[in-house]
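Working notes, beginning with the structure itself.
Only a predicted model underlies this, so the values are computations on that prediction, with no experimental measurement involved. Heavy-atom basis, side chains included; hydrogens, waters and symmetry copies ignored.
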Amino acid sequence: MTLPMGKGTGMSRMRLGINLGYWGAGMDADNLEVAREADRLGYAVCWAAEAYGSDAPTVLSWVAAQTERIDVGSAIFQIPARTPTMTAMTAATLDSLSGGRFRLGLGVSGPQVSEGWYGVKFDKPLARTREYVEIVRKAMSRERLTHDGDHWTLPLPGGPGKPIKLTVHPVREHIPLYIAAIGPKNLEQTGEIADGALVVFFAPEHAEETTLAPLRAGRAKAGKDLDGFDLVPTVPMAVGDDVAALADLFRPYTALYVGGMGSAKQNFYNKLAQRMGYEKAAAEIQEKYLSGDKQGAAAAVPRELIDSTALIGPVDRIADRMRAYAEAGVTTLSLAPAGFTLDERIACLRAGVTALERAGLA
């Protein structure tokens with residue numbers, strides 16, 4: 001697998017991915033068929049997520065075993081869920097079992113999950129991520145592992161532990177490493193230490209100030225530019241002629257993240273909506289959602305916010321939006337196809353390929 005190459009502007013080529021989201025939502029068999037169809041259609045990567053239900057490695061193993069060409073990627077492995085060496089072991093194993101098709105996506109999750117589910121204090125997320133990535137990379141390089149940091153010390157001092165090295169040989173010397181990033185500081189660090197960024201609610205019209213500028217600053221710290229860096233937004237998609245009705249499909253999803261993910265004081269998605277110019281709407285969505293009025297929160301989501309962060313409408317309209325994503329520096333566009341049936345989701349996948357071809361980006 002070769003990462004897409006681009007300088008962050010004026011892309012002439014863009015790959016498609018598929019994001020299966022969380023397993024166990026009543027569409028497990030459908031998800032496998034969606035992954036298989038994406039493989040047949042030439043999609044570049046299939047991502048799976050985890051929160052506090054299904055775990056991503058098991059799902060990715062299952063998908064990899066029943067596909068042939070498509071990469072499988074974690075979007076994300078939660079950092080508080082595993083020690084960095086366990087993540088390195090899992091990544092190496094998945095890369096080996098899939099024949100070199102694994103992409104490692106990492107993220108700190110959020111304070112509710114980190115502290116409520118894993119019992120891991122949500123403190124210093126940037127420093128913790130940097131140290132975690134350093135250990136993962138060192139372990140996957142198969143050198144004898146030592147580390148002396150603020151969050152991990154390997155081996156533990158004064159005990160029987162000794163420096164040891166990974167025994168599993170990944171297929172590739174370098175497994176692509178991504179970080180899920182939203183805020184400016186996280187994006188900057190991601191540009192510095194990762195091979196790609198996993199982003200959500202990405203609007204091409206706001207790409208420079210919300211995403212590209214901090215990524216570019218991080219790349220500069222590492223003596224690099226955006227050439228070869230994989231920018232991967234997950235974008236909801238629905239095909240049809242009634243744009244307003246399609247936008248309504250994604251109101252609950254947008255309200256959940258902007259209003260309900262996190263607390264009133266700490267919601268990364270709400271802050272992102274504010275940076276995109278939706279300060280008043282973001283505050284109203286959050287107030288209604290946290291008070292239990294989920295329908296009111298959904299109704300308060302501006303259609304413009306949905307339209308700028310999703311692919312909705314006829315295929316030609318979606319093709320136009322795909323050009324905007326490519327011009328904004330996106331190198332892999334991961335689709336989250338809407339649909340209540342398998343046939344609807346498959347049709348959405350196929351429409352994505354058609355739109356990409358019509359956009360001249362295939």
Checklist entry - Looking at residues at least two apart in the chain, or sitting in another chain, which of them share a side-chain hydrogen bond (donor to acceptor under 3.5 Å, both in side chains) with Glu143? => result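 Glu143 satisfies side-chain hydrogen bond (donor to acceptor under 3.5 Å, both in side chains) with Ser141 once adjacent residues are dropped.
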Backbone N/O of [Y] and side chain of [X]: donor-acceptor pair under 3.5 Å:
{"X": "Thr309", "Y": "Ala203", "value": "no"}
{"X": "Gln189", "Y": "Leu126", "value": "yes"}
{"X": "Arg101", "Y": "Val72", "value": "no"}
{"X": "Glu50", "Y": "Gln78", "value": "yes"}
{"X": "Glu192", "Y": "Lys221", "value": "no"}
{"X": "Lys138", "Y": "Thr146", "value": "yes"}
{"X": "Asp195", "Y": "Leu177", "value": "yes"}
{"X": "Thr331", "Y": "Leu231", "value": "yes"}
{"X": "Tyr325", "Y": "Phe202", "value": "yes"}
{"X": "Gln66", "Y": "Arg36", "value": "no"}

Next on the checklist: Show every salt bridge (charged side-chain N to carboxylate O under 4.0 Å, His left out) that has at least one partner inside residues 154-169, sequence neighbours left out.
Outcome noted: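 Pairs touching residues 154-169 that pass the test: none.
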Side-chain ion pair, [X] and [Y], N-O less than 4.0 Å:
{"X": "Glu208", "Y": "Arg275", "answer": "no"}
{"X": "Arg345", "Y": "Glu37", "answer": "no"}
{"X": "Arg317", "Y": "Asp320", "answer": "no"}
{"X": "Asp150", "Y": "Lys124", "answer": "no"}
{"X": "Arg142", "Y": "Glu173", "answer": "no"}

Would you check if [X] and [Y] make a side-chain contact, meaning some heavy-atom pair closer than 4.5 Å?
{"X": "Ile346", "Y": "Asp343", "answer": "no"}
{"X": "Asp123", "Y": "Arg128", "answer": "yes"}
{"X": "Ile18", "Y": "Ile70", "answer": "yes"}
{"X": "Arg172", "Y": "Ile175", "answer": "yes"}
{"X": "Val108", "Y": "Ser114", "answer": "no"}
{"X": "Pro337", "Y": "Glu344", "answer": "no"}
{"X": "Ser308", "Y": "Pro204", "answer": "no"}
{"X": "Val200", "Y": "Tyr257", "answer": "no"}

Enter the distance from [X]:[atom1] to [Y]:[atom2] here, rounded to the nearest 0.5 Å.
{"X": "Leu333", "Y": "Met237", "atom1": "CG", "atom2": "CE", "answer": "9.0 Å"}
{"X": "Glu287", "Y": "Glu284", "atom1": "CD", "atom2": "CD", "answer": "8.0 Å"}
{"X": "Asp55", "Y": "Arg82", "atom1": "CG", "atom2": "CZ", "answer": "6.5 Å"}
{"X": "Thr90", "Y": "Leu104", "atom1": "OG1", "atom2": "CG", "answer": "9.0 Å"}
{"X": "Tyr43", "Y": "Asp71", "atom1": "OH", "atom2": "CG", "answer": "15.0 Å"}
{"X": "Thr234", "Y": "Trp47", "atom1": "OG1", "atom2": "CH2", "answer": "8.0 Å"}

Smallest separation among heavy atoms of [X] and [Y], with atom names:
{"X": "Ala300", "Y": "Lys288", "answer": "CB-CD, 4.5 Å"}
{"X": "Ile318", "Y": "Ala355", "answer": "CG2-CB, 3.8 Å"}
{"X": "Leu246", "Y": "Ala238", "answer": "CD1-O, 3.6 Å"}
{"X": "Pro80", "Y": "Gly107", "answer": "CD-O, 4.2 Å"}
{"X": "Ser98", "Y": "Leu94", "answer": "OG-O, 2.7 Å"}
{"X": "Val330", "Y": "Pro233", "answer": "CG1-CD, 3.5 Å"}

Next on the checklist: Would you say the ring centers of Tyr253 and Phe201 fall short of 6.0 Å from each other?
Outcome noted: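 Ring centroids of Tyr253 and Phe201 are less than 6.0 Å from each other.
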Are [X] and [Y] connected, step by step, through hydrophobic side chains (Ile, Leu, Val, Met, Phe, Trp, Tyr) whose heavy atoms are closer than 4.5 Å?
{"X": "Leu97", "Y": "Leu32", "result": "no"}
{"X": "Ile193", "Y": "Ile182", "result": "yes"}
{"X": "Met14", "Y": "Leu349", "result": "yes"}
{"X": "Val168", "Y": "Val136", "result": "no"}
{"X": "Leu290", "Y": "Leu272", "result": "no"}

Checklist entry - Should the pair Arg219 and Phe229 be classed as cation-pi, given the thresholds of under 6.0 Å to the six-membered ring centre and 45° from the axis? => result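 The answer is no, since Arg219 fails at least one limit relative to Phe229.
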Next on the checklist: What verdict does the side chain to side chain contact (heavy atoms under 4.5 Å, CB included) test give for Ile285 and Thr254, after you've listed the backbone C-alpha separation in whole Å, the side-chain angles of each residue and the deciding distance to 0.1 Å?
Outcome noted: CA-CA 9 Å; Ile285 295 165; Thr254 307; 5.7 Å; no
Checklist entry - Run the side chain to side chain contact (heavy atoms under 4.5 Å, CB included) check on Asn31 and Val59 step by step: do they pass? => result CA-CA 10 Å; Asn31 272 339; Val59 172; over 6 Å; no
Checklist entry - Is Ile164 atom CD1 crowded by more than 12 heavy atoms from other residues, nucleotides or ligands, each under 6.0 Å away? => result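 Open: at most 12 neighbouring heavy atoms sit under 6.0 Å from CD1 of Ile164.
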Next on the checklist: Applying side chain to side chain contact (heavy atoms under 4.5 Å, CB included), can you list everything that pairs with Val171, at least two apart in sequence or on another chain?
Outcome noted: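 In terms of side chain to side chain contact (heavy atoms under 4.5 Å, CB included), with neighbours along the sequence ignored, Val171 is linked to Asp95.
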Next on the checklist: Using the rule given for side-chain hydrogen bond (donor to acceptor under 3.5 Å, both in side chains), can you reason through Asn19 versus Ser334, listing the C-alpha separation, both sets of side-chain angles and the distance that settles it, and then say yes or no?
Outcome noted: CA-CA 6 Å; Asn19 196 313; Ser334 284; 5.7 Å; no
Next on the checklist: Assess the residue pair Arg216 and Glu209 against the criterion (salt bridge (charged side-chain N to carboxylate O under 4.0 Å, His left out)); give the C-alpha distance rounded to whole Å, side-chain angles, the decisive distance to 0.1 Å, and a yes or no.
Outcome noted: CA-CA 11 Å; Arg216 198 177 289 113; Glu209 64 269 28; over 6 Å; no
Checklist entry - Between Trp152 and Tyr132, what is the ring plane arrangement, given parallel below 30°, perpendicular above 60°, and tilted in between? => result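 Taking Tyr132 first and then Trp152, their aromatic rings stand perpendicular (interplane angle over 60°).
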Item to check | Audit row: Lys271, Asn267, side chain to side chain contact (heavy atoms under 4.5 Å, CB included) steps and yes/no | outcome: CA-CA 6 Å; Lys271 291 178 181 178; Asn267 181 323; over 6 Å; no
Next on the checklist: For Val63 and Leu20: C-alpha separation, side-chain torsions, deciding distance, then whether side chain to side chain contact (heavy atoms under 4.5 Å, CB included) applies.
Outcome noted: CA-CA 10 Å; Val63 170; Leu20 299 178; 4.2 Å; yes
